[in-house]
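Below: the structure, in structure tokens.
Sequence lines set the chain letters: A, B, ... in the order given, protein chains first and strands last, and positions in each chain run from 1. Note that this is a predicted model, so its numbers are computed, not measured.
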Amino acid sequence: MTLVSPALDQIRLDVSTRQLFELLPDVSFFIKDKAGRLIHCNEVHRRGIFRYGNADDLYGKANHDFFPNALANSFAEDDQRVIRDGESIVEQCELNITSAGSLSWFCTTKVPARDCHGKIVGLVGISRRLEAADHRIGDFELLSAALDHIQKNFSQQIRVQTLAAACQLTEATFRREFEKLFRMTPLQFILRLRLHEACLRLSANSDSIGDIAYQCGFDDQNYFARFFKRTMNMTPSEFRARQNPRQDSTRPENRSEK
DNA sequence: CACCAACGGAGCACGCTCCA
DNA sequence: TGGAGCGTGCTCCGTTGGTG
């Protein structure tokens with residue numbers, strides 16, 4: 001694969017190392033510039049996560065070009081911690097979207113990328129499906145009962161107490177272990193899952209926003225709309241319109257456009 | 001008039017943070 | 001590790017505006 005970005009030349013990562021990552025079947029490898037734009041990635045990253053066959057379709061794009069705002073904001077914050085603060089993120093578990101549009105667990109490591117003077121010019125990262133991240137599975141298994149419960153019941157009310165009991169941990173210990181692994185509270189995690197599911201359903205079908213809110217575990221459509229706007233910077237109907245511009249051209253709110 | 005979508009306020013329950 | 005207090009998530013109201 002050819003490298004298209006001049007910014008990549010600044011980063012001290014020799015060609016054989018990049019080639020090595022091209023050969024790994026289960027490791028997604030990527031390099032981003034200082035602005036968080038993708039400047040290099042391997043085959044797994046292109047096809048496994050993004051379904052992009054051509055590298056040119058990916059390079060120069062940032063998180064917001066690939067993910068819903070809620071996910072993109074979270075990833076961008078992480079990127080900036082690495083690029084701006086020089087902080088490494090090691091083996092962070094996160095829920096992400098696969099090429100098939102489903103959710104899956106990934107284990108991600110990001111470190112600052114430096115030029116020959118040691119100055120940070122971007123970041124280098126790897127990400128693996130959690131099933132492949134063997135040495136982290138111990139931590140994951142500790143909480144697996146809770147994660148199963150969340151994924152099966154995210155459309156219903158979930159209490160932290162219930163999740164802790166499922167893992168045979170006290171509530172306080174469960175919360176600490178959870179935050180250590182996911183860098184977010186259990187409730188934030190559940191909300192992110194619900195929001196992501198709502199985004200998928202808003203994009204994929206024409207159910208009313210109220211129905212989708214209930215399907216995704218929001219008992220109150222009003223609360224759902226407020227939470228959605230706060231997180232995504234747009235209302236659910238605006239999000240749907242952006243995802244399905246053609247389909248949405250028939251919707252009432254767009255008919256007034258001249 | 002009915003329905004849908006979005007917004008705002010009030011109050012309660014409970015999740016989270018802090019500290020011993 | 002667990003308890004206490006605080007902050008906020010969530011629910012239940014109501015209202016407004018647009019459309020059929």
Side-chain angles (χ1 to χ4, degrees), chain A residues 68-74 77-78 81 85 87 89 92-95 103 105 138-258:
Chain A
N69 269 23
L71 275 180
N73 288 340
S74 169
E77 277 176 28
D78 287 345
R81 283 217 317 275
D85 307 333
E87 181 184 336
I89 292 173
Q92 177 175 320
C93 292
E94 56 196 17
L95 200 61
L103 290 170
W105 295 99
D139 293 347
F140 188 73
E141 279 184 350
L142 181 66
L143 304 177
S144 63
L147 297 171
D148 282 346
H149 185 84
I150 291 171
Q151 288 198 277
K152 285 175 187 163
N153 301 284
F154 71 89
S155 62
Q156 297 157 32
Q157 190 184 39
I158 298 173
R159 294 191 176 173
V160 175
Q161 199 176 7
T162 308
L163 299 176
C167 300
Q168 297 180 313
L169 297 172
T170 64
E171 202 176 322
T173 303
F174 170 77
R175 191 159 34 232
R176 270 188 282 272
E177 290 297 322
F178 197 97
E179 288 185 42
K180 194 168 76 183
L181 190 60
F182 296 104
R183 292 192 176 214
M184 68 182 81
T185 65
L187 190 59
Q188 287 171 335
F189 179 89
I190 293 166
L191 285 172
R192 178 191 274 203
L193 187 63
R194 285 175 175 167
L195 186 71
H196 179 252
E197 184 63 27
C199 288
L200 292 180
R201 291 181 190 223
L202 283 167
S203 306
N205 64 47
S206 57
D207 288 353
S208 75
I209 288 171
D211 286 345
I212 289 175
Y214 293 123
Q215 289 163 14
C216 296
F218 294 93
D219 286 341
D220 183 0
Q221 186 215 323
N222 173 29
Y223 173 68
F224 167 67
R226 274 192 284 181
F227 176 74
F228 194 97
K229 186 168 186 181
R230 194 176 70 212
T231 310
M232 305 288 280
N233 295 322
M234 70 181 87
T235 63
S237 56
E238 285 170 350
F239 177 82
R240 172 174 269 165
R242 289 194 192 188
Q243 297 297 310
N244 306 305
R246 243 164 42 94
Q247 174 187 329
D248 199 75
S249 64
T250 60
R251 295 177 74 81
E253 58 265 37
N254 286 343
R255 282 180 211 157
S256 59
E257 288 181 10
K258 306 227 159 66

Below 3.5 Å between N/O atoms, which protein atoms pair up with nucleotides 11-13 of chain B? Just atom names and distances, please.
none

Could you list the protein-to-nucleotides 9-11 of chain C atom pairs, N/O on both sides, closer than 3.5 Å?
{"from": "dC10(C)", "atom 1": "OP2", "to": "Tyr223(A)", "atom 2": "OH", "distance (Å)": "2.1"}
{"from": "dT11(C)", "atom 1": "OP1", "to": "Asp219(A)", "atom 2": "OD2", "distance (Å)": "2.1"}
{"from": "dT11(C)", "atom 1": "O4", "to": "Arg226(A)", "atom 2": "NH2", "distance (Å)": "3.3"}

For the pair made of CD1 in Ile209(A) and P in dA5(B), what is the distance, rounded to whole Å? 5 Å
Restricting both atoms to N or O, compile the protein contacts to nucleotides 17-20 of chain B shorter than 3.5 Å, with distance only.
{"from": "dT17(B)", "atom 1": "OP2", "to": "Glu179(A)", "atom 2": "OE2", "distance (Å)": "3.4"}

In this structure, how many angstroms lie between the C1' atom of dG2(C) and the CZ atom of Phe174(A), rounded? 17 Å
